[in-house]
Participant: 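Structure below; questions to follow.
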Amino acid sequence: MSGGAVRVLRLGLRPYAEALRVQERCLGAARAARASPGAGAGVGVPGESVVLSEPAAPVYAWGLRGAPEAEAAERLRARGAGLTAARRGGRITFHGPGQLLAFPVLDLRRRRLPLRGYVAALEALVLRLCRRLGLGAARALPPPFTGVWMGDSKVCAIGVHCGNHITSHGLALNCCTDLTWFDHIVPCGLEGKGVTSLSRELGRHITVDHVLEPFLDSFQEVFDCTLVFSEDPGD
């Protein structure tokens, strides 16, 4: 699974749609890098990336299944949230302020990593982060469940897309998210399961900025890579 450099794009507080646009540019760079190894993303710029952001406004997003019915969608809009479909696995969930979104754009063919192994690696990454923060009880559940859990409550959701062995989308980690937004949906289509946050579980306010460094340390360890930082998504 080891491999080279990964470019880190830290967007900060941005609209969800903008993070998706940056991800699309990264996908183009990854495809170009595969077509012309060493030159696809520009001289000295890695073909693989991870896009990090915090949604600036509340939005409900769903994957290939689970779009809300028209009446339910109108109720969600009335609460002030945006609605959007995303090209990923998984059903409807919530994204908003206080949540870390991480969209790794990795070449699984080059890494010789199967898709299920990649999802397990994302879970392992978040489990390492939780241990760094003192949350040793966090765990991953066996398939078909994904994500990272505290008891029966999910602290990190995972929903990925993989086209021609290049990944997109990724994970949403609740740091200090307003969890009441989840009350209006069945998160990820899982009846009887709850949602929690790092702040709730640790009993102190944990912001997205607090977790960025330990997240990247864990990412580097799990994917055995070096990180190249870029603040400009247009690089």
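Residue indices begin at 1 and follow the sequence shown. Just so you know, these numbers come straight off a predicted model, no measurement behind them.
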Participant: Quick one: which of Phe103, Trp62, Tyr118 gives a ring pair (Phe, Tyr, Trp, His ring centres under 6.0 Å) with His169?
Facilitator: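 It is Phe103; the other options fail the test.
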Participant: Under the 3.5 angstrom rule, does the side chain of Arg111 hit a backbone N or O of Leu106 as a donor-acceptor pair?
Facilitator: no
Participant: Against Val59, only a single residue in Thr93, Thr84, Leu76 fulfils side-chain contact (heavy atoms from CB on, under 4.5 Å); can you say which?
Facilitator: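 For Val59, the side-chain contact (heavy atoms from CB on, under 4.5 Å) test succeeds with only one of Thr93, Thr84, Leu76, which is Thr84.
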Participant: Among the clusters formed by ILVMFWY side chains lying less than 4.5 Å apart, do Leu129 and Leu202 turn up in the same one?
Facilitator: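 Leu129 clusters together with Leu202.
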Participant: Any side-chain heavy-atom pair from Cys26 and Val51 closer than 4.5 angstrom?
Facilitator: yes
Participant: When rounded to the nearest 0.5 angstrom, what distance separates CE in Met150 from OG1 in Thr196?
Facilitator: 7.0 Å
Participant: Determine whether Thr226 and Val6 satisfy the following criterion, side-chain contact (heavy atoms from CB on, under 4.5 Å), listing intermediate values before the conclusion.
Facilitator: CA-CA 6 Å; Thr226 56; Val6 174; over 6 Å; no
Participant: Using atom types as modelled and distance alone, determine if a side-chain donor or acceptor of Gln220 lies under 3.5 Å from a backbone N or O of Cys225.
Facilitator: yes
Participant: Does the side chain of Asn164 pick up a donor-acceptor pair with the side chain of Arg31 at under 3.5 Å?
Facilitator: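 Asn164 vs Arg31: no donor-acceptor pair found between side chains.
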Participant: For Gly80 and Pro58, which heavy atoms make the closest approach, and how far apart are they?
Facilitator: O-CG, 3.8 Å
Participant: Does any part of the side chain of Arg200, heavy atoms only, come nearer than 4.5 Å to the side chain of Leu179, both counted from C-beta?
Facilitator: yes
Participant: Considering only NZ, NE, NH1 and NH2 on the basic side and carboxylate oxygens on the acidic side, decide whether Glu221 and Arg128 come within less than 4.0 Å.
Facilitator: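 A salt bridge is present here (some side-chain N lies under 4.0 Å from a carboxylate O).
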Participant: Between Ser53 and Leu11 (side chain of the first, backbone of the second, donor and acceptor by atom type, cut-off under 3.5 Å), is there such a pair?
Facilitator: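 Side chain of Ser53 to backbone of Leu11, a donor-acceptor pair under 3.5 Å: no, none is there.
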Participant: Between Tyr60 and His184, is there a side-chain heavy-atom distance shorter than 4.5 Å?
Facilitator: yes
Participant: I need the Leu171 CG to Cys156 SG distance, nearest 0.5 Å.
Facilitator: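 Spacing of CG (Leu171) from SG (Cys156) equals 4.5 Å.
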Participant: For a side-chain contact (heavy atoms from CB on, under 4.5 Å) check, start with the C-alpha distance between Leu9 and Ser49, then their side-chain angles and the critical distance, and finish with the verdict.
Facilitator: CA-CA 7 Å; Leu9 296 104; Ser49 305; 3.9 Å; yes
Participant: Asp107 side chain to Arg110 main-chain N or O, any donor-acceptor pair under 3.5 Å?
Facilitator: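 Yes: the side chain of Asp107 pairs with the backbone of Arg110.
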Participant: Are any non-hydrogen side-chain atoms of Leu216 and Phe229 less than 4.5 angstrom apart?
Facilitator: yes
Participant: With a 4.0 Å cut-off, would you call Glu201 and Lys154 a salt bridge?
Facilitator: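 Judged by the 4.0 Å cut-off on N to carboxylate O distance, Glu201 and Lys154 do not form a salt bridge.
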Participant: Gln99 side chain to Ala172 main-chain N or O, any donor-acceptor pair under 3.5 Å?
Facilitator: no
Participant: Do side-chain atoms of Thr167 reach the backbone of Cys162 as a donor and acceptor pair under 3.5 angstrom?
Facilitator: no
Participant: Assess whether side-chain contact (heavy atoms from CB on, under 4.5 Å) is satisfied between Ser199 and Ile206, documenting all intermediate values.
Facilitator: CA-CA 5 Å; Ser199 294; Ile206 304 292; 3.7 Å; yes
Participant: Is it true that Arg21 and Glu24 have a side-chain N and a carboxylate O under 4.0 angstrom from each other?
Facilitator: no
Participant: Once you round to the nearest 0.5 Å, how far does CG of Leu52 lie from CZ of Phe215?
Facilitator: 6.0 Å
Participant: Measuring from atom CG of Leu125 to atom CZ of Phe223, what distance do you get when rounded to the nearest 0.5 angstrom?
Facilitator: 6.5 Å
Participant: Measure across Ala121 and Val222 and return the closest heavy-atom pair with its distance rounded to 0.1 Å.
Facilitator: O-CG1, 3.5 Å
Participant: Ignoring hydrogens, what is the shortest heavy-atom contact between Leu198 and Cys130? Give both atom names and the distance.
Facilitator: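 Shortest heavy-atom contact: CD2-SG, 4.3 Å.
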Participant: State the CD-CZ distance between Glu54 and Arg10, to the nearest 0.5 angstrom.
Facilitator: 14.5 Å
Participant: Over all heavy atoms of both residues, which pair between Ala57 and Pro97 is shortest? Give the atoms and the distance, please.
Facilitator: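 Closest approach of Ala57 to Pro97, heavy atoms only: C-CD, 4.0 Å.
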Participant: Aromatic rings His95 and Tyr16: how do their planes relate, parallel, tilted or perpendicular, breaks at 30° and 60°?
Facilitator: parallel
Participant: Taking ILVMFWY side chains as joined if any heavy atoms are under 4.5 angstrom apart, and letting links pass through other members, which residues group with Ile166?
Facilitator: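 Under the 4.5 Å side-chain rule, Ile166 groups with Leu27, Val105.
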Participant: Examine the side chains of Arg132 and Ser218 and answer whether a donor and an acceptor come within less than 3.5 Å of each other.
Facilitator: yes
Participant: Going from NE2 on His205 to OG on Ser197, what distance comes out if it is rounded to the nearest 0.5 angstrom?
Facilitator: 10.0 Å
Participant: Mind checking whether Leu13 and Leu100 sit in one hydrophobic cluster, side chains of I, L, V, M, F, W, Y counted as touching below 4.5 Å?
Facilitator: no
Participant: Report yes if some heavy atom in the side chain of Ser230 is under 4.5 Å from a heavy atom in the side chain of Val8; otherwise report no.
Facilitator: no
Participant: Apply side-chain contact (heavy atoms from CB on, under 4.5 Å) to residues Val160 and Leu122 and explain how you reach the verdict.
Facilitator: CA-CA 10 Å; Val160 303; Leu122 292 178; 3.8 Å; yes
Participant: Looking at His210 and Thr207, would you say the former's side chain and the latter's main chain have a donor-acceptor pair under 3.5 Å?
Facilitator: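 Here the side-chain-to-backbone pair exists.
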